[in-house]
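A, B, ... follow the sequence lines: proteins, then strands. Residue 1 opens every chain.
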Number of protein chains: 2
Amino acid sequence: MYIILSFVLLYILHLPMSILNYNRSNNPRLSESQEDYLKEIFKLNEVNTTVSLQDLADRLKVKPASVTGMMKKLKQLGLVTYEPYKEVALTDVGEAIALEVLRHHRLLELYLARHLNYSWDEIHEEAERLEHVISEKFEAAIAELMGHPTHDPHGDPIPTIDLEIPDSPNLTAVTAVKENNHAIIRRVMTQDSDILNMLSRLDLTIHSKITVTGKDNAGIRIRVNENQYLLPHSIARFVWVELASNI
Amino acid sequence: MYIILSFVLLYILHLPMSILNYNRSNNPRLSESQEDYLKEIFKLNEVNTTVSLQDLADRLKVKPASVTGMMKKLKQLGLVTYEPYKEVALTDVGEAIALEVLRHHRLLELYLARHLNYSWDEIHEEAERLEHVISEKFEAAIAELMGHPTHDPHGDPIPTIDLEIPDSPNLTAVTAVKENNHAIIRRVMTQDSDILNMLSRLDLTIHSKITVTGKDNAGIRIRVNENQYLLPHSIARFVWVELASNI
DNA sequence: ACCTGAAGTTAGCCTCTCCTAACTTTTAAG
DNA sequence: CTTAAAAGTTAGGAGAGGCTAACTTCAGGT
C-alpha cells in the first residue's frame with residue numbers, strides 16, 4: 001500500500017525513478033558473490049573497453065561456466081546487460097551497487113591504514129571481506145571520522161556518497177616520464193602485497209617525490225630521498241605519477 | 001614437508017598437541033553458520049545445565065531438522081559431543097572456537113561504541129556480521145587500541161587472548177535487591193535494541209548507580225540521578241547489579 | 001505402567017554457487 | 001575464405017545449508 005503511494009507521489013512530483021534505484025538500501029540485498037561480480041565488471045570496464053567473461057572468470061577465480069550462469073541471474077535482476085556470446089555491461093543500477101561496494105572497500109582500506117596501523121600491503125585482503133558486511137552506518141561513521149577522504153592508500157579514488165568518482169590529478173605512467181624529470185607518485189595500481197611491500201621498503205609510496213635518472217630495457221632508474229633504485233618494468237608498470245616541475 | 005617437521009618438533013619437545021587446536025588459525029576454517037552454532041551452544045550452556053536442539057533452533061532461527069543435520073556435521077569435525085536424542089556439548093576444540101567468536105563479537109561491540117559512536121542498542125547487530133570476517137590482526141589491533149578490555153558495553157565478559165573468561169564481580173539480579181539498598185548496574189543480559197534503547201533513555205546503563213525504592217507486582221521502583229522510575233519485571237529481569245553499601 | 005505431547009530424527013526436496021565435460025560460436029591467422 | 005584456437009554455453013552434478021512432512025523416541029502426569 002505504502003509502496004504504491006510512494007510511486008504515485010513520485011509521479012506527481014515528476015522525480016526520476018532512478019534516484020530510488022541509486023539508494024542501495026532500497027535494492028534487494030545481493031549475495032557477496034553477486035556484489036563481487038558487479039564490482040569486478042566495473043573495475044574491468046575502467047581498464048578495457050569491453051568486458052569478457054574470460055577476464056571476469058580469471059579475476060574472480062571461477063570457471064567461465066560459472067560466469068555465464070551468474071550473468072543470466074544478474075541480467076534477470078536488471079543489473080547487467082548481456083546477450084549470449086556478447087560482452088557484458090552494467091546497468092545504471094548495477095553500476096550504483098558496484099560503486100557502493102567499491103566505496104566500502106576503499107574507505108575501509110584507508111580506515112585500516114589510518115586507524116588500525118595496517119600497512120598498505122595488508123589492507124586489501126581485510127577490506128575484501130569487510131566490504132560486504134558493514135552497514136551504511138558503519139560506512140558513514142568512518143567516512144565522517146576521516147573527513148570524507150577522496151582517495152585510498154593506493155591512490156584509488158573513493159566514490160562519494162552520491163556515488164560519483166572524485167577527480168584525480170592528470171596521471172602519467174612512471175615508465176613514460178622522461179629522464180631527469182621530477183614526479184610525485186599518485187597511484188599504485190596493484191593489490192599484490194609482495195609488490196606493495198617491496199615498494200614501501202624503497203620509500204616508494206603515495207606522494208613520494210621521485211626523479212627519473214635513467215631508463216634501459218631492464219627497467220627505470222629513479223632517485224628517491226638521495227637513494228638510487230632500479231625499478232624493473234614488472235613493477236614500474238603499476239606506478240602512476242603526477243609530473244612536477246621542481247622537487 | 002614443513003608440516004611434518006613441525007609435528008616431529010612437537011613430539012621431541014613433548015608439547016601437548018592441544019595447544020595447536022586452541023589456535024584458531026590452525027583449525028580448518030569453519031563456515032559462518034558453523035561458528036554461529038558453536039557460539040550459541042556455548043551461550044546456552046552458560047545459562048542452562050543442558051543444551052536442547054529446540055533451544056538452539058529457536059536462537060538460530062532455524063528448524064529443529066536443520067539443527068540435527070548440523071550437529072552430525074559438527075560431531076564429524078570433532079567440535080561437539082552428541083548422540084541421537086541426547087543433549088549436545090562442546091568439545092574443548094569446539095569451545096575454543098566459540099570463545100574466539102565471542103571474543104571477536106564483544107571486542108567489536110566495545111570498539112563500535114567507543115570509536116565509532118554507536119549506541120549500545122546498535123552494536124550487537126553490526127558485531128554479529130563482522131565477528132566472522134575480521135582477521136586475527138584486526139582483533140589484535142582493536143584489543144590493543146582499547147587496552148585489552150575485559151567487558152563489553154552490556155557488561156558481558158570478553159574472553160582473553162588465551163580464551164579465558166575474565167572474572168566478573170559477584171552479581172545479583174536487580175529484582176532480588178532489597179528496598180532502600182543501593183546497587184551499581186554491571187550487566188544487562190539482552191540484546192533487544194528496544195529494551196536497551198529504553199534503558200539508556202532512563203539513564204540506566206553499565207555502571208549507573210541506583211537505589212531500589214520499592215517493589216510491587218508491576219515491577220521494581222528505582223531512583224537514578226534523583227529520578228524515580230518503575231522498571232517493569234519484563235525489563236528488570238535482564239538487569240544485574242553489584243550491591244553497594246553507600247552511594 | 002501407560003499414554004500423550006514435546007522433542008528429535010529422517011527422507012526428500014530446494015536454492016545457491018561452484019564444478020567438469022562436451023558442445024557451439026566467434027575471431028583471427030594464414 | 002577457410003579453419004583452428006579461443007571464448008562462451010549447456011547439461012548435469014556436487015555439497016552446503018536450509019525447508020516440510022512424516023516418523024520415532026522420550027519424559028511426565030495420571
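- Scored by the side chain to side chain donor-acceptor pair (under 3.5 Å) test, B/His151 finds B/Ser168 as partners (sequence neighbours excluded).
- Here B/Glu164 pairs with nothing under the side chain to side chain donor-acceptor pair (under 3.5 Å) rule; sequence neighbours left out.
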Please set out all donor-acceptor pairs under 3.5 angstrom arising from side-chain atoms of residues 56-73 of chain A, sequence neighbours excluded.
from, atom 1, to, atom 2, distance (Å)
A/Asp58, OD1, A/Gln54, NE2, 3.2
A/Arg59, NH1, A/Glu40, OE2, 2.5
A/Thr68, OG1, A/Pro64, O, 3.3

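- Taking the side-chain contact (heavy atoms from CB on, under 4.5 Å) definition, one finds that A/Glu32 meets it with A/His132, A/Val133, sequence neighbours left out.
- Nucleotides of DNA chain D with any atom under 4.0 Å from a heavy atom of chain A span, from 5' to 3', D/dG8 to D/dT10.
- Residues meeting the side chain to side chain donor-acceptor pair (under 3.5 Å) test with A/Asp216, sequence neighbours left out: A/Arg221.
- For the contact set between residues 44-57 of chain A and DNA chain D, defined by any heavy atom under 4.0 Å, the members are A/Ser52, A/Leu53, A/Gln54.
- Judged by distance alone, the side chain of B/Glu35 and the main-chain N or O of B/Ala98 form no donor-acceptor pair under 3.5 Å.
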Provide a list of protein-nucleic acid N or O atom pairs under 3.5 angstrom, restricted to nucleotides 15-19 of chain C.
from, atom 1, to, atom 2, distance (Å)
C/dT17, OP1, A/Ser31, OG, 2.6
C/dC18, OP1, A/Ser33, OG, 3.4
C/dC18, OP2, A/Tyr37, OH, 3.1
C/dC19, OP2, A/Lys63, N, 2.7
C/dC19, OP2, A/Ser66, OG, 2.9

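- Scored by the side-chain contact (heavy atoms from CB on, under 4.5 Å) test, A/Gln76 finds no partners at all (sequence neighbours excluded).
- A distance of 10.5 Å separates OG1 in B/Thr175 from CZ in B/Arg237, rounded to the nearest 0.5 Å.
- Evaluation of the side chain to side chain donor-acceptor pair (under 3.5 Å) rule for A/Asn48 yields A/Asp55 as partners, not counting sequence neighbours.
- Residue contacts for A/Lys72: at a heavy-atom cut-off of 4.0 Å it reaches the sugar-phosphate backbone alone, with no base atom in range.
- Both B/Tyr82 and A/Lys86 sit near DNA chain C, but only B/Tyr82 has its closest nucleotide nearer the 5' end.
- Paired runs in DNA chain C that reach 3 or more consecutive Watson-Crick or G-U pairs, where each pair keeps both distances under 3.5 Å, cover C:1-30 with D:1-30.
- A perpendicular orientation is assigned to the rings of B/Tyr111 and A/Tyr111, their planes being inclined by more than 60° (bins at 30° and 60°).
- A 4.5 Å side-chain heavy-atom check between B/Val188 and B/Ile195 finds every atom pair outside the cut-off.
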- request: Dump the intermediate steps for ring pair (Phe, Tyr, Trp, His ring centres under 6.0 Å) on A/His124 and A/His105, then the final yes or no.
  value: CA-CA 8 Å; A/His124 178 72; A/His105 183 91; 4.8 Å; yes
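- Residues passing the side-chain contact (heavy atoms from CB on, under 4.5 Å) test with B/Ala113 are B/Ile123, B/Pro153, sequence neighbours excluded.
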